[in-house]
Amino acid sequence: MTAVPSATGAVVGQGQPSGRLLDLGQARRYMVQLINRDRATQGLPPVELDEGPPTTSGQRHADDMAGLGYLGHWGSDGSVPEQRLTESGGGGDMVLENASCFTDEKRRTLDKAPMILASAIESAEGMFFNERPPNDGHRKNILRPLHKRVGIGVSQPVATATEIPVPCFSQEFIDPYGSYAPLPKTAHVGDVLAVQGRGLSPAQVTGVGLARVDLPRPLSVAEANRRRSYLVPAPYQVYWTAGFVSPIPLTVTGDGFSIKVPLSDHGSPGLYEVSVWAKLPGVSEMTMVGLRTLVVQ
């Protein structure tokens, strides 16, 4: 399974950065400009800023980190990237997150209209992109060839007499390879879930997967700060198209697909994750291209 890259921290109040000031919209666009500059060094196509659910979910996470002084991919409410994207109205696209913040676990008041130093954005993107193996998860995420869009979260505390404000960032990379019918927000163990949609070229949908994790619980700031790398949960079952071994075959007609599957991982409740798998050009293995969550009681 694909790993969401681990996070990298910044220290609050160490020196006064210089450079031009950008409002929130300008800061997001500049971050995307830098991402595309870095992708171009490897001959990769640019990504577009998605100011919808990916930015909404990224902003939620950046605000949470900056307000509480931690760094990680789990929110203080126990949420994870694909859950936050789903709850922000995401249509089911796969999301991979980069995050940067400080880690002193101090509560701060957030600036509702922050002005962000361009040099601080450059520094955050530079930390991500200039990583070296084996600790180069952020760089690999930026350079993932399949990425098409990105949401940007930017949050900054208010300045104080003793502290220079330092921004926190999240990058929420998404890859739209299909359009999917809505899923319920909640269900019960044993319910039958209808999953359907259409693949978008060049993806050829080949499977629908189900994974389960424990229901999210609020985390202490210290615990959220200890968690770094995040692995997308592996499905306990993938339902493949005809020709593959599958307890229930996925029906594919043209670019459309549909299946009805039981929501039961050994009868356990939890946060269930519904994934869509596809064959992509130039990729030998099936790739997870869609991911959504729902609460199963």
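Just so it is clear, the structure is predicted and the values come from calculations on it, not from any experiment. Reckoned from all heavy atoms, side chains included, excluding hydrogens, waters and symmetry mates.
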Dump the intermediate steps for side chain to side chain contact (heavy atoms under 4.5 Å, CB included) on Phe128 and Ile142, then the final yes or no. CA-CA 8 Å; Phe128 291 154; Ile142 290 168; 3.6 Å; yes
Using 30° and 60° as the class boundaries, would you call the ring planes of Tyr236 and Tyr272 parallel, tilted or perpendicular?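 Judged by the thresholds at 30° and 60°, the geometry between Tyr236 and Tyr272 is perpendicular.
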What's the shortest heavy-atom distance between [X] and [Y], and which atoms?
X	Y	value
Leu143	Leu44	O-CD1, 3.2 Å
Leu294	Ala187	CD1-CB, 4.0 Å
Leu193	Val274	CD2-CG2, 3.8 Å
Gly69	Arg108	CA-NH1, 4.4 Å
Pro216	Ser79	CB-N, 4.4 Å
Ile248	Pro262	CD1-CD, 3.9 Å

Atom [atom1] of [X] and atom [atom2] of [Y]: how far apart are they, to the nearest 0.5 Å?
X	Y	atom1	atom2	value
Ile121	Phe169	CD1	CZ	5.0 Å
Asn36	His147	CG	NE2	11.5 Å
Thr293	Arg212	OG1	CZ	14.0 Å
Gln196	Leu183	CD	CG	9.5 Å
Met31	Ile116	CE	CD1	10.0 Å
Met286	Gln204	CE	CD	9.0 Å

Taking a hydrophobic cluster as the set of Ile, Leu, Val, Met, Phe, Trp and Tyr residues connected by side-chain heavy atoms closer than 4.5 Å, whether directly or through intermediates, do [X] and [Y] fall within one such cluster?
X	Y	answer
Met94	Tyr239	no
Leu271	Val296	no
Trp240	Val289	no
Val195	Met288	no
Val208	Val238	no

Side-chain donor/acceptor of [X] to backbone N/O of [Y], under 3.5 Å:
X	Y	result
Ser123	Ser119	no
Gln156	Val166	no
Thr160	Thr162	yes
Asp265	Ser268	no
Gln59	Thr56	no
Asp63	Arg60	no
Thr55	Gly52	no
Arg107	Glu105	no
Asn225	Leu71	yes
Ser220	Glu223	yes

Find out whether [X] and [Y] are in side-chain contact, i.e. whether some heavy atom of one side chain is under 4.5 Å from a heavy atom of the other.
X	Y	answer
Arg144	Leu96	yes
Phe257	Thr206	no
Pro54	Arg149	no
Val261	Gln237	no
Ile259	Thr251	no
Thr109	Pro157	no
Lys112	Leu110	no
Val205	Val276	yes

Only residue of Gln171, His138, Arg37 satisfying side-chain hydrogen bond (donor to acceptor under 3.5 Å, both in side chains) with Glu125 is Gln171
Close aromatic pair by centroid cut-off 6.0 Å: His73 and Tyr230: no
Among Val189, Leu210, Val192, whose side chain to side chain contact (heavy atoms under 4.5 Å, CB included) with Leu263 holds? Leu210
What I want to check is whether the side chains of [X] and [Y] have a donor and an acceptor closer together than 3.5 Å.
X	Y	answer
Glu172	Ser170	yes
Arg292	Thr86	no
Ser76	Asp64	yes

Non-neighbouring partners of Ala242 that pass side-chain contact (heavy atoms from CB on, under 4.5 Å), sequence neighbours left out: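 Counting only residues at least two positions away or on another chain, Ala242 forms no side-chain contact (heavy atoms from CB on, under 4.5 Å).
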Cationic tip of [X] within the cone over [Y]'s six-membered ring, i.e. under 6.0 Å and within 45° of the normal?
X	Y	answer
Arg39	Phe129	no
Arg226	Tyr70	no
Lys148	Tyr177	yes

Using a strict 4.0 Å threshold on nitrogen-to-oxygen distance, state whether Arg28 and Glu51 make a salt bridge. no
Indicate yes or no: does Arg84 engage Asp77 in a salt bridge with an N to O separation below 4.0 Å.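 Between Asp77 and Arg84 there is no salt bridge, as every charged N stays at least 4.0 Å from the carboxylate O atoms.
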Under the side chain to side chain contact (heavy atoms under 4.5 Å, CB included) criterion, do Glu273 and Leu291 qualify, and how do the steps go? CA-CA 7 Å; Glu273 304 212 348; Leu291 189 62; 3.7 Å; yes
Ser275: what forms a side-chain hydrogen bond (donor to acceptor under 3.5 Å, both in side chains) with it, not counting sequence neighbours? Trp277
Quick one: do Asp175 and Asp93 satisfy side chain to side chain contact (heavy atoms under 4.5 Å, CB included)? Show the steps, please. CA-CA 6 Å; Asp175 308 316; Asp93 298 322; over 6 Å; no
Please test Lys140 against Asp136 for salt bridge (Lys or Arg N to Asp or Glu O under 4.0 Å), starting from the C-alpha separation and ending with a verdict. CA-CA 6 Å; Lys140 287 179 178 177; Asp136 59 343; 3.7 Å; yes
Side chain to side chain contact (heavy atoms under 4.5 Å, CB included) between Leu250 and Phe244: does it pass, once the steps are laid out? CA-CA 10 Å; Leu250 177 69; Phe244 293 88; over 6 Å; no
Within the supplied structure, the quantity of interest is the number of heavy atoms (other residues, nucleotides, ligands) at a distance under 6.0 Å from Gln42 CD; does it exceed 12? yes
